[in-house]
Amino acid sequence: MTTAVAPWSLTENASLQHLNTFHVTAHAPRLLRVADPAALPEALATVVGQAPLLVLGSGSNVLIAADPEGTVLAFDNRDITILEHRADHAIVRAGAGVIWHELVLWSLGEGLSGLENLALIPGTVGAAPIQNIGAYGAQVGEFIQTVEAWDTREQAWVRLDQDACLFSYRDSVFKQDADRYLITAVEFRLPLLNELRLDYAGIGEQLDAMGIALPVAADVANAVIAIRRRKLPDPDVLGNAGSFFKNPILPLEQVDVLLQHYPQLPVFPGNDPGNRKVSAAWMIEACGWKGQRDGDAGISPNHALVLVNHGTASGAQLLAFARRVSASVLETFGVPIEPEPRLIGARW
Ligand code: FAD
Ligand code: EPU
């Protein structure tokens, strides 16, 4: 006998402690879980007038500073389908609730490439387009063909192609217009043979250490996984949301002046020839914050960009600590740094 899965369910006064990787204590008046996106309009109708709506995936890029007021929406659709298989690429569709790293492993198992540098990024497929997740020389937007979403403004289903998503470093149309688009599925165009990206610092050394001279995509994923496990704290052990600050993108003239004073500041290509991305981690470490803590809020001893919860810090305490870090970077370097995660119940 099979038991039919309900297309959606609603819980009152739901704990969000396991829905945020800082593991701060928080509650939502209602948690709406949707397993079948076709039922989304009907499910939303039950909470109409009880806006605002906040979508959460795994909560690995949010800092909950105060309880959300409205309904939290989470997607449980975890289907992965190959829509088209061509000689040189495949079109793959994944539900919003699929765990990102599981999609990466699945795609490599199918002989598809492209996502290998993005292995082990926490979170869900539905959240991946929001900040155009990126790591080790790749960004997901390069491989996204279409994002399918419910447009809450137009009250209609929409399909946004890659250009309409306005992807850039840690940004997209979805981040700029938060909560307008409820992403239900993402379609990827994945090459059968991707040109491997081995340039990012550490990948070559890691492959050498693994004794791999002629890597395939799965080897690159394994190298990235090893580097990430070494550098970044596991949120199940130490609450965190990955990089808490974005690397600032600054005009070339400002970068030249900074480099005259701080020749060791790591500098990377920016959005265009007139600007550069500079390392926020280096500036935070230079200000002495790496490994510091105040109560249970602190900066990871392993990576200066990672704000951590050593136990029972509240979202407000974590935010207050982050503000002290950013104020000292501004004072020392004259560079404002901004949070990467979405702040819930607070403004930066
Ligand atoms: P959430 O944190 O739940 O949500 C993030 C944002 O997306 C929120 O604004 C939310 O409202 C919105 N959202 C979520 N799902 C949907 C949906 N279906 N429709 C519409 N809006 C939605 N990020 C990187 O880019 N690169 C990294 O290398 C990286 N490393 C990390 C390492 C660690 C240890 C951790 C904890 C985080 C890291 N992150 C990294 C950040 C995080 O993993 C990504 O931003 C991820 O995409 C968040 O997914 P999520 O499901 O947890 O989203
Ligand atoms: N560095 C320091 N101190 C540190 C850590 C790093 O000085 O404690 C310097 C080093 O010189 C290093 C440079 O910063 O060469 C860059 O470090 P890393 O390669 O770790 O990259 P990052 O800029 O700190 C970014 C992303 C990460 C992503 C990595 C790898 C942002 C905000 N962060 O970190 O993404 O995994 O590159 O591509 O762009 C995230 O977004 O949550 C995240 C973890």
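We count ligands from 1, going down the list as the structure has it; atoms in each ligand are counted the same way.
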What part of A304 sits under 4.0 Å from ligand 2 if we count only heavy atoms: the side chain, the backbone, both or neither?
-> both

Could you pull out every donor-acceptor pair under 3.5 Å between side chains of residues 106-119 and any protein atom, sequence neighbours left out?
unit_1	atom_1	unit_2	atom_2	d
S107	OG	L103	O	3.4
S107	OG	V104	O	2.8
S113	OG	P191	O	3.1
S113	OG	N194	N	2.9
E116	OE1	G114	N	2.7
E116	OE2	N194	ND2	3.2
N117	ND2	Y136	O	2.7
N117	ND2	R197	O	3.1

Flag [X] as yes when one of its N or O atoms lies below 3.5 Å from any N or O atom of ligand 1, and as no otherwise.
X    : answer
I183 : yes
A135 : no
G57  : yes

Is [X] in contact with ligand 1, taking contact as a heavy-atom separation below 4.0 Å?
X    : result
A178 : no
Q139 : no
R170 : yes

Short N/O distance, under 3.5 Å, between R170 and ligand 2?
->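 Right, the criterion is met.
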
N or O pair under 3.5 Å between K231 and ligand 2 |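 Among all N and O atoms of K231, at least one is under 3.5 Å from an N or O of ligand 2.
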
Can you report which non-hydrogen protein atom sits closest to [atom], along with the distance?
atom                    : answer
atom 4 (C) of ligand 2  : E285 OE1, 3.5 Å
atom 20 (O) of ligand 2 : H303 NE2, 2.8 Å
atom 21 (O) of ligand 2 : Y200 OH, 3.2 Å

Between [X] and ligand 1, which residue portion shows a heavy-atom distance shorter than 4.0 Å: side chain, backbone, both, or neither?
X    : value
N20  : neither
K175 : neither
I130 : side chain

